[in-house]
Undergrad: 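My questions will all concern the structure given below.
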Number of protein chains: 4
Amino acid sequence: MTLSKTYFQGLVGKGRNIATRAIGKTPKGQTPLKSLKRDCISLLSARGQASGIKTALNVHKTYNQCSQAERLEFFEFLLTEFGRPKDKLVEVSKKYSETPSHDNLKNLMQVMEPKRQDLFKRMNMAPGGTMALVNMRTDLLKFLKVSPELKPVDMDFLYLFKTWFNRGFLTMEPISWNSPAVVLERLIAYEAVHEITSWDDLKRRLDPPDRLCYAFFHPNLADTPLIFVEVALCKDIPGSIQDILAPERPILDLDKAKVATFYSINNCLFGLKGIYFGNFLIKQVVANLQQTHPELKKFVTLSPIPGFKDWLVENDRAARFGVSQSDLTFLKRTDWYENVDQHKHVKKSLRSAAIAYLTARQPNSHRLQNSVARFHLGNGARIENIHVLADTSDRGRANSFGVMVNYLYVLKQIETNHEAFAVRHEIALSAPMHALKSKIDKSSDGI
Amino acid sequence: MTLSKTYFQGLVGKGRNIATRAIGKTPKGQTPLKSLKRDCISLLSARGQASGIKTALNVHKTYNQCSQAERLEFFEFLLTEFGRPKDKLVEVSKKYSETPSHDNLKNLMQVMEPKRQDLFKRMNMAPGGTMALVNMRTDLLKFLKVSPELKPVDMDFLYLFKTWFNRGFLTMEPISWNSPAVVLERLIAYEAVHEITSWDDLKRRLDPPDRLCYAFFHPNLADTPLIFVEVALCKDIPGSIQDILAPERPILDLDKAKVATFYSINNCLFGLKGIYFGNFLIKQVVANLQQTHPELKKFVTLSPIPGFKDWLVENDRAARFGVSQSDLTFLKRTDWYENVDQHKHVKKSLRSAAIAYLTARQPNSHRLQNSVARFHLGNGARIENIHVLADTSDRGRANSFGVMVNYLYVLKQIETNHEAFAVRHEIALSAPMHALKSKIDKSSDGI
Amino acid sequence: MTLSKTYFQGLVGKGRNIATRAIGKTPKGQTPLKSLKRDCISLLSARGQASGIKTALNVHKTYNQCSQAERLEFFEFLLTEFGRPKDKLVEVSKKYSETPSHDNLKNLMQVMEPKRQDLFKRMNMAPGGTMALVNMRTDLLKFLKVSPELKPVDMDFLYLFKTWFNRGFLTMEPISWNSPAVVLERLIAYEAVHEITSWDDLKRRLDPPDRLCYAFFHPNLADTPLIFVEVALCKDIPGSIQDILAPERPILDLDKAKVATFYSINNCLFGLKGIYFGNFLIKQVVANLQQTHPELKKFVTLSPIPGFKDWLVENDRAARFGVSQSDLTFLKRTDWYENVDQHKHVKKSLRSAAIAYLTARQPNSHRLQNSVARFHLGNGARIENIHVLADTSDRGRANSFGVMVNYLYVLKQIETNHEAFAVRHEIALSAPMHALKSKIDKSSDGI
Amino acid sequence: MTLSKTYFQGLVGKGRNIATRAIGKTPKGQTPLKSLKRDCISLLSARGQASGIKTALNVHKTYNQCSQAERLEFFEFLLTEFGRPKDKLVEVSKKYSETPSHDNLKNLMQVMEPKRQDLFKRMNMAPGGTMALVNMRTDLLKFLKVSPELKPVDMDFLYLFKTWFNRGFLTMEPISWNSPAVVLERLIAYEAVHEITSWDDLKRRLDPPDRLCYAFFHPNLADTPLIFVEVALCKDIPGSIQDILAPERPILDLDKAKVATFYSINNCLFGLKGIYFGNFLIKQVVANLQQTHPELKKFVTLSPIPGFKDWLVENDRAARFGVSQSDLTFLKRTDWYENVDQHKHVKKSLRSAAIAYLTARQPNSHRLQNSVARFHLGNGARIENIHVLADTSDRGRANSFGVMVNYLYVLKQIETNHEAFAVRHEIALSAPMHALKSKIDKSSDGI
């Protein structure tokens, strides 16, 4: 095996993802899995130093040739062959507990460090290696559901990824209609909140001067945003996602823009599950917009309320907010929002119920029930307003009878809010939201 | 303390190194050190999540304001306050050694993980944070000489840096006269083998078509090469560094270039001590040159032999190679190389002595004495040739009586050579060098 | 009117095309046309020097607000107000013809220079000005059909554009799936030979490693290619556009690529009519591919034969090539290519007819009838082969009964071929094509 | 002659200036000049179309091989062989003056267009061609002094360059310590007002946050600024160039910067003589700084007054301003500025004399005597203040006894000032300068 002319070909030209795309050949008479295992062992051996990058490249190529069953077996191999040796660990931990010397600590540390992490680091040396590892973990996370014993392998992935995807290594970049198609097609693929239905739809979200988009990128995954947020510049705090996404909407004169609305925020890589970027992204976008668009006065989300509908209809809860069975029947009609004027009290009741839901805790816990509220309030935002008829799409009605919520980000209050929320479990509310909640609290006894 | 308008100012415009350059003010009535300690604690606290980047930025600013004494005290603080709690560790390691369950393992792991690494990761979130941490370790390495008890702090730095500066995150870039001055001034600062004496000298090494330079960069340290190698394209394997660096030398027609000579390779950041890039850099430069300059046939170094002179003059060793005391006196004259023809036998003797030195082992070990030989032979290169009168500078004569050596890199033989060297301790030699060494081995009995 | 804060806003951020996109307001009580004329006069006046860029920006904004009728009137204004003053010109030409002194020449030159060119140069100073001028000429070219008296205005456009779009100012860039969407959507818009039906279709032409695309760009029109060529890497000279464009085609291993096929070349900007880029583009793509893909042996087109069908069916010409009326009826069926095996003689006849057509001259002229042949043969290529059933699309059958042709580019023969063609009117043919043509020439008497 | 593998090598890699740097070989038995003439003729011939770029490349290479005498002969060749044919021109101008028809106009136009311009356009197609042409004109301008008959050749250069270097094709770029060394070394070379003495001096002018530099670039001359301006951010309008350039000066906190001072503006390419960029550059820098540094309140120059000393000492003019012969003797001492307090009246007199000089007209003309004043007042600036002891360098004392002047740019007044100056010959003055001038005007009778 030699370092041939194409040794680093992955670095040049078209082959930017060679490690993940290439379909090479397995050495004769070997299954990909056998070859894969052998290369992993080789990668950690003395030889590794001389031909590490090439072997790492092979690992990724061969992994891609493996069937799902082979991949599962590969993860089991990683679990058993590259973990912490139990007997050895029992021995050195006993020694240390008896004599906690520096040397015994060093021994303990050495045995504790799983060879898997070292293996992953060497796999990362190949061009395209980081993406290949993220994809590997994507597979693993699926296997974990049926093979929870693989958890220790995932812990090593997660530990490394948290170190590698440290905020300090990410760059925030605007995404526009001027961005490469290879990046843009990923927005289409990863937008999970309000589906992007076509390239035309995408262009409407990126190209007009009153629409912006920002993402975090990692230098090794240049074509793939890690997380992105879509922003609409508005005159006032918006109360309807339909208005924002309408194909024929009027474009706002930038002089009149007063509010930046974050109307969709999406993580892109399932293989980075458990690493949190959203908090950082929102705050940096706010900070940047304050510099580039000094005319903006408010930074607000227009957020869905997943789970609200289910919460409301269970346990006769609806009735407590004045929503009758016939109201519920009405709300489940696909055209209810066209006739809502005949049921004005329903709108009022939905707002009351929504604030109750958004501030509801999990049983025997201070933890909020609703995950989106948890995220934004945990970031230091406050609940600013609630809108009925705000998302009349199928998904919107199925989640929350179409109700949406604004969370407001005021940079100067973020720390105070965050601390009150994290330490004293207090929820920041605008004055109207505070009034609405007080009214409910008075009228009800512990919903 | 709030996230003000200038929250991320470090990201924009001139302030690219704000974390390391800014000289802010310490809160009233506080020494920088007090403020620094407080911020470190805050950074790991709950508050940290909301205002982490700002606090991290403060940490770096305040650290820069600290005196050397305060910095030393800070590292002691890191040692004692953010290490592994001994009592706790004794407890959980005892528990695990008694009952090696998954839960007890998790406990052990948790206690093992030092909070320092987590602290460093959070410090890294600030713009300029990575460079600031590298500079911090530069300080620490100096303190270590007198305060070896700080070693555990350094181990955490080293562990993190090895993960962050993984080969997979580095990019190789050519450096040319077209590179930013801010990068070029670092070449001048870091060139340690053959000093760059002026911007004119630098231009002579970068601008002519037969001169090249490559470096590894890390995305977060964009202005600072981690390591760089200077390359001269030649007709034949060169035997004199004077010829390569001569201000008035003729420029080689690229059609006639047959040999790429690596005549200087330098690490730039002392704070990255213990992380090795040289091996990877040389191999990738060879691979790249094979693609961009297919006319090149050989890849070779022209390397110094530090320590050769000292080795030769000690213990009457010189005499054994036929170098008399009067020869030595002659060699120590600053102008000996102008009169060398009168002492032809000296040239021959020096070559013999040099091959003996380059292949000499440390006492009771297979490890080579000469560090440069160790590096290149460990990379899989072979000793190709030895040249007397090759470096007539003060440094060259002080190191090795002006003798230099070529190491040859043949990509196809690198793995074999490396394995023979690493496993069987065999030294790869060209045929003439092999002959030279055989002659000495026969004539001597265990020099 | 003052240079306000937003004086150069067109240069920054989103507003890259502000000159062409902005819809400003006309000063009160003025039609856009009035305002436009006034600004043109101002632009050439003394004031112009101080506020030229701002006035030029206004010109483009106001022009965009004008109706078609107003634009036509504007061009008439340009014709009459900024042309050469006839009386003055008669006077100075008379003077010069009587006394051809240096001073009289200078006077003549001054009067000859139309103020329009100067006006256009000043319009060009605005950000986005070059594109705005190209768009202006696009309008003018439409008006010219009904208002041929505007021709002198167009001559000034053409003269300036030829100077500005000199080959030396163009850069050739690869276009890939990594290119900005704003560029790619223009490929979709401008592909006129083989329509791009969707972003998926576009991706199939750009992303696979055996597909390439190159374009000329001008620095001032960065988002808009001037001309682009689509290239397929193939094993052999291809004989069917269907195979090249098939959605499910196998991707060629680059090691096996021997032929680069230019299967579509398109001009993008109608406003640059009369300025020729194709010749330069093809030759530079060939030169670049020879460097980046040294494995390629041949550079060939797969070109349409527009006009062939019309030529063949007129004047009983078909019969002379052995194509009967019933054959023609058969050929006009949309599914004829599925049954072609029953009409083998038709294929043969079509090939003969095609070579006759491709080499046919215009009446009383050496000029070839077919414009595509004229272009490639004029560039120094040769006719390499002819393929029946090569383009079975509606357009392909309508143009040429589906027949296509390969032109071969051999850099070493380009000059010779070009000169033979340009000076001696000789057509370069491959041996088989030469044989085919000889056979026809013998059998026919002056088709 | 064929299009070889290296056909476009000038486009890639190091050879960016190949056209101007390469020293090729002349075909056997030919002088470079013969070869050059032959290629020029070929470039305009039919062959040109097929091999134009290669021939153009040859032209530039051969020109570079020519001696000064050969170059002069070459320009004479351009004058006689590629100009307007006199006889023909007499003929067609006569025809047109008799019958001013469209056809006769076209004929006249065709004969008027000199083939030289067409030749230059074709020379421009070569990589590096634009720079080569600029260098060619640099030579020509030197020859013009002794061979004024070459003027028509220069007119064609100038005409083309004015079209090519239209403001619309230039980009303004900041120059910083982060700029390529190849650009920075040109600042050192072209700074003519206040010499840059070393790379350290250069760094002091570029790197501190209170120092900026901007330049115009043309896309084809990417490494060479056309014109650059050095800017110092200051607290107040500065009155001394020594303070600005002092190596150990304190760096201004950006929060305190209120004034942007343009203290040096330099044209770089002598070959572009007669094309004016300064006016545009200053105004765009002002506009940009207003956006990026909104804290700046004033935009001002600190300008030299070349010619002031000569003007003052001639014709007993000094006496009229109260400067005695002994004062003049004192002023000519190199250390006068250290003892100026003993000659306070001299400072006052110099200020009066300076305002008189700056506003003095040329004999029988409205044109100002001082070219720098003409430039800035023509741009719409006003004379803001005059400083004695402002430039104590040799050059400063030799030009103007060390006196300097501030011109103030107020964007809102530029148009008004410019028009008043251009049309009514009024000079804009600050109130104190107005008062100073009034005083002189009263006390003197037509100095």
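Excluded from the calculations below are hydrogen atoms, water molecules and symmetry mates; all remaining heavy atoms, backbone and side chain alike, are included. Throughout, protein chains are lettered first and strands after them, A, B, ... in sequence-line order, and every chain is numbered starting at 1. A quick note: this is a predicted structure, and the numbers were derived from the prediction, not measured.
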Undergrad: Under 4.5 Å from any heavy atom of chain B, what part of Leu108(A) do you find: side chain, backbone, both or neither?
TA: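 Leu108(A) touches chain B through backbone and side-chain heavy atoms alike.
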Undergrad: Taking the side chain as everything from C-beta on, heavy atoms only, tell me whether Met109(B) gets closer than 4.5 Å to Tyr159(A).
TA: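 Counting from C-beta outward, Met109(B) and Tyr159(A) never come under 4.5 Å.
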Undergrad: Chain B heavy atoms under 4.5 Å from Pro219(A): which part of the residue, side chain, backbone, both or neither?
TA: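 It is the side chain, since no backbone atom gets that close.
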Undergrad: Would you mind writing out the side-chain donor-acceptor pairs for residues 87-95 of chain B within the sub-3.5 Å range, not counting sequence neighbours?
TA:
unit_1	atom_1	unit_2	atom_2	d
Ser93(B)	OG	Leu89(B)	O	2.8
Ser93(B)	OG	Val90(B)	O	3.1
Lys94(B)	NZ	Glu98(B)	OE2	3.1

Undergrad: Rounded to the nearest 0.5 Å, what's the gap from NZ on Lys54(A) to CG on Leu411(B)? Could you check?
TA: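 Lys54(A) atom NZ to Leu411(B) atom CG measures 11.0 Å (nearest 0.5 Å).
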Undergrad: Could you measure the distance from the CZ atom of Phe169(B) to the NZ atom of Lys121(A)? Nearest 0.5 Å is fine.
TA: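 Interatomic distance, Phe169(B) CZ to Lys121(A) NZ, rounded to 0.5 Å: 10.5 Å.
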Undergrad: Please report the interatomic distance CD1(Ile53(B)) to CZ(Phe280(A)), rounded to the nearest 0.5 Å.
TA: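 One finds 5.5 Å between CD1 of Ile53(B) and CZ of Phe280(A).
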Undergrad: Using heavy-atom distances under 4.5 Å, tell me whether Thr163(A) contacts chain B through its side chain, its backbone, both, or neither.
TA: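 Contact with chain B: backbone and side chain both.
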Undergrad: Considering only heavy atoms, which portion of Asn220(A) lies under 4.5 Å from any heavy atom of chain B: side chain, backbone, both, or neither?
TA: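 Side chain of Asn220(A) only, per the 4.5 Å heavy-atom cut-off to chain B.
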Undergrad: Just verifying a value: how many Å separate Met125(A) CE and Leu170(B) CG, rounded to the nearest 0.5 Å?
TA: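 Reported value, rounded in 0.5 Å steps: 11.0 Å.
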Undergrad: Tell me if the NE2 atom of His366(A) is crowded by more than 12 foreign heavy atoms within 6.0 Å.
TA: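 No, the 6.0 Å shell around NE2 holds no more than 12 heavy atoms from other groups.
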Undergrad: Please report the interatomic distance CD(Glu415(A)) to OG1(Thr55(B)), rounded to the nearest 0.5 Å.
TA: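 Going from the CD atom of Glu415(A) to the OG1 atom of Thr55(B) covers 6.5 Å.
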